[in-house]
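When a ligand or atom number is given, it counts from 1 through the structure's own listing order. No experiment lies behind these values; they were computed from the predicted model shown.
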Amino acid sequence: MRKNIVAGNWKMNKTLQEGVALATELKEKLASAKPNCDVIIGTPFIHLATVSELLEGSIIKVSAENCADKESGAYTGEVSAAMVKSTGAEYCIIGHSERRSYYGETFEILKEKVLLALKNGLKPIFCIGEKKEERESGKQNDVVKAQLEGSLFNLSAEEFSNIVLAYEPVWAIGTGLTATSDQAEDMHAYIRSLIAGKYGNEVAENTTILYGGSCNPKNAAELFSKPDVDGGLIGGASLKADDFKAIIDAFN
Ligand code: 13P
């Protein structure tokens with residue numbers, strides 16, 4: 001059966017020292033109370049090696065927030081999937097709406113990133129989700145379907161089984177406006193039906209689909225109670241160890 005996961009996405013927050021302090025605090029909190037789900041923290045590139053080392057032997061896994069769409073070479077400022085893997089990170093967030101909208105990441109670019117992440121032994125946490133206008137005009141299903149088809153459905157079933165999906169409606173990210181648990185469930189069930197159509201029921205049932213967008217200690221239990229919501233990708237609330245732990249505890 002698929003895993004339940006609570007993953008943090010620190011985005012562009014925390015200096016190295018602050019990140020180390022947060023990871024240390026979280027490690028200590030989770031050592032005494034074993035969680036009922038997998039726990040991942042997604043950190044900026046500069047934290048990865050230090051935080052991975054610090055978390056060795058802990059149940060917390062580490063993720064990058066991005067990787068390059070090229071293998072190696074003259075791409076100043078970029079960080080390759082192989083480099084991410086060499087830090088000890090096991091996951092890589094790909095296709096976050098902030099990358100799509102602020103950095104022009106297209107379906108094609110994201111497709112390359114996914115392939116390179118997989119080739120280098122990283123598990124992509126692939127983000128999809130519609131914008132406010134798209135939901136208001138009832139296009140959310142079409143948008144999400146195009147995102148899956150445009151960047152993931154080229155994969156074989158075996159490759160796809162390494163993907164974690166995160167449904168993050170753009171209108172809910174950092175806005176305090178959470179999707180209702182019914183809205184989340186409707187979309188997650190739809191996403192799972194698309195996976196079943198492409199790869200069959202077994203792959204669909206084994207795919208973890210996270211919800212992201214203003215998920216917090218107050219609403220996490222309700223969201224996670226839905227059958228197709230397998231956990232969360234947490235932004236703001238992952239920056240405080242107590243809040244992140246409280247969201248993890250929603251699985252208890
Ligand atoms: P918030 O939890 O801050 O809304 O961010 C969600 C997100 O973008 C996680 O990737």
With the side chain counted from C-beta on, respond yes when Pro35 and Ile59 share a heavy-atom pair under 4.5 Å apart, and no when they do not.
yes

Nitrogen or oxygen atoms of Gly235 and ligand 1 under 3.5 Å apart
yes

For atom 4 (O) of ligand 1, the option (of Ala7, Gly174, Gly236) bearing the nearest heavy atom:
Gly174

Residue-ligand contact Ala172/ligand 1, heavy atom below 4.0 Å:
yes

Classify the contact between Ser238 and ligand 1 as side chain, backbone, both or neither, using a heavy-atom distance cut-off of under 4.0 Å.
neither

Atoms of ligand 1 less than 4.0 Å from Gly213 heavy atoms?
4 (O), 6 (C)

So which of Lys11, His96, Glu65 gets nearest to atom 5 (O) of ligand 1, if we judge by its closest heavy atom?
Lys11

Tell me which part of Ile173 gets within contact of ligand 1: side chain, backbone, both or neither, using heavy atoms under 4.0 Å.
both

Looking at Lys132 and Trp171, would you say the former's side chain and the latter's main chain have a donor-acceptor pair under 3.5 Å?
no

Atoms of ligand 1 close to Glu168 [distance to a heavy atom under 4.0 angstrom, numbered from 1]
6 (C), 7 (C), 8 (O), 9 (C), 10 (O)

With ring centroids as reference points, do Phe153 and Tyr199 lie under 6.0 angstrom apart?
yes

Test your reading of the model: is there a side-chain donor-acceptor pair from Asp142 to the backbone of Lys139, 3.5 Å cut-off?
no

Are Asp69 and Lys111 within salt-bridge range, i.e. N to O under 4.0 Å?
no

Without swapping roles, check the side chain of Ser214 against the backbone of Ala172 for a donor-acceptor pair under 3.5 Å.
yes

